[in-house]
*Asks:* 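Quick one: structure below, then a few questions.
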Amino acid sequence: MTRPTTFLAALAAFALGTQPTLAANPWADNVVSYNAGTDPAPGFTDPTSALGEPTRISGPTSMFPSIVNPNSPAFGTDEIVSIGVGGSLTVSFDEPVTDDPLNPFGIDLLIFGNSFLTGLFGPPPNFEFDPNAPFTGIADEPGRIEVSADDVTYVEVSGVFADSFFPTNGYSDITELPLPFGGISTPGSVPSDFTKPVDPSLNAIGLTFPELIAAYDGSGGGVGVDLADVGLPSISFVRITNPGSDPTVSPEIDAFADVRAIPEPTAAMLTSAALLLSQARRRR
């Protein structure tokens, strides 16, 4: 259901100073149930960690704060919740997440974990960061995603897994990693948009860090779900499960977000845009 934003739509929004529509609270609101399963990550078993906005700055700020980016995910015990083998996490939204044709790339729901991309560092013992090195892989722990409108009938999202692509990014103007192991201690000046999805056709492997940040185009990342793929017009419940058998693999969840829609231009918006263009030309 992808509907690209036209130049006129963007121009009209700019002309009127409008912003894309955003739900009053786009984050998951309630923990419906949590089963930690077998061998969840020790200390990461507070399910309320998955409520609210995704983590932008991770870790104790007095010790080792780190700006969350595609090479350095959230790692605090109060920021992510682990789902061990056979476990599950179910959350709900107070405002339903809808299959909206105005959502970018047709994505309606975003799920944030603590996956991260690998390959930017040299060999031991120094592990120097090379800003020109390409990403070569992803460290992820995929979890099954199911959605429901009524908390009774759940539909599995095929081919999409939680705690995988695309890793979270906290600021859209960071271009380098000055600390070891992907850490950034200074926040950027432009917070990323956690309700805007990454283009699902993006191949992050092979990109350098600056190229990837540019390709995110202001998005905060997250795994994207298109409700059209499951045949539901809206959902209020999301369940993540760990169906695997490897005790070293436990999906870790940070947050859930309702994607914001980009409004279509109205006649008044287009008229205003045309008027501003005309005025600008006269001034030139």
Side-chain angles (χ1 to χ4, degrees), residues 26-93 109-118 137-147 154 157 160-170 177 179-185 187 192 194 220-225 237-257:
W27 325 117
D29 298 288
N30 312 285
V31 174
V32 177
S33 64
Y34 173 59
N35 171 13
T38 303
D39 295 317
F44 293 86
T45 54
D46 178 2
T48 63
S49 300
L51 303 181
E53 186 176 3
T55 304
R56 207 178 292 276
I57 301 177
S58 182
T61 56
S62 62
M63 295 177 59
F64 181 64
S66 179
I67 307 309
V68 174
N69 67 77
N71 193 232
S72 181
F75 60 86
T77 56
D78 59 344
E79 298 165 354
I80 54 176
V81 57
S82 175
I83 305 172
V85 173
S88 66
L89 168 71
T90 303
V91 300
S92 67
F93 288 82
L109 171 71
L110 291 171
I111 303 171
F112 297 83
N114 81 328
S115 62
F116 61 94
L117 291 165
T118 61
I138 185 170
D140 61 352
E141 296 176 296
R144 177 187 294 157
I145 304 170
E146 298 171 284
V147 293
Y154 280 81
V157 181
V160 180
F161 302 95
D163 198 15
S164 188
F165 282 108
F166 290 95
T168 308
N169 184 57
L177 305 177
L179 298 180
F181 304 105
I184 299 175
S185 60
S192 60
F194 288 137
V223 173
V225 175
F237 302 87
V238 184
R239 182 166 65 199
I240 309 299
T241 59
N242 181 355
S245 58
D246 185 348
T248 66
V249 175
S250 60
E252 282 129 9
I253 304 301
D254 183 7
F256 302 80

*Asks:* Hey, are S66 and S58 close enough side-chain-wise for a donor-acceptor pair under 3.5 Å?
*Replies:* no
*Asks:* Do Y154 and T90 come within less than 4.5 Å of each other through their side chains, counting heavy atoms only?
*Replies:*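 Side-chain contact under 4.5 Å: yes.
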*Asks:* For N30, give me all partners under side chain to side chain contact (heavy atoms under 4.5 Å, CB included), at least two apart in sequence or on another chain.
*Replies:* S92, D94
*Asks:* According to side-chain hydrogen bond (donor to acceptor under 3.5 Å, both in side chains), does anything in residues 160-169 pair up with another residue at least two apart or in another chain? List the pairs.
*Replies:* D140-S164
*Asks:* Mark yes or no for whether R144, through its side chain, and I240, through its backbone, hold a donor-acceptor pair below 3.5 Å.
*Replies:*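 Not confirmed, R144 side chain does not pair with I240 backbone.
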*Asks:* Test: salt bridge (Lys or Arg N to Asp or Glu O under 4.0 Å). Region: residues 238-254. Which pairs qualify, not counting sequence neighbours?
*Replies:* E146-R239
*Asks:* Check whether the side chains of E79 and S49 place a donor and an acceptor atom closer than 3.5 Å, and report yes or no.
*Replies:* no
*Asks:* If the condition is ring pair (Phe, Tyr, Trp, His ring centres under 6.0 Å), which residues does F237 pass it with, not counting sequence neighbours?
*Replies:*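 So F237 forms no ring pair (Phe, Tyr, Trp, His ring centres under 6.0 Å) with any residue.
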*Asks:* Let me check something: any side-chain donor-acceptor pairs from residues 34-47 under 3.5 Å, sequence neighbours excluded? List them with distances.
*Replies:*
unit_1, atom_1, unit_2, atom_2, d
Y34, OH, S82, O, 2.6
N35, OD1, G37, N, 3.1
D46, OD1, T48, N, 3.1
D46, OD1, T48, OG1, 2.7
D46, OD2, T48, OG1, 3.1

*Asks:* With sequence neighbours left out, write down each residue that passes side chain to side chain contact (heavy atoms under 4.5 Å, CB included) with F165, or none if nothing qualifies.
*Replies:* L117, I138, P167, A204, I205
*Asks:* Suppose we screen for side chain to side chain donor-acceptor pair (under 3.5 Å). Which residues come up paired with D29, at least two apart in sequence or across chains?
*Replies:* N25
*Asks:* With sequence neighbours excluded, what pairs up with A28 under the side chain to side chain contact (heavy atoms under 4.5 Å, CB included) test?
*Replies:* L51, V91, F93, F256
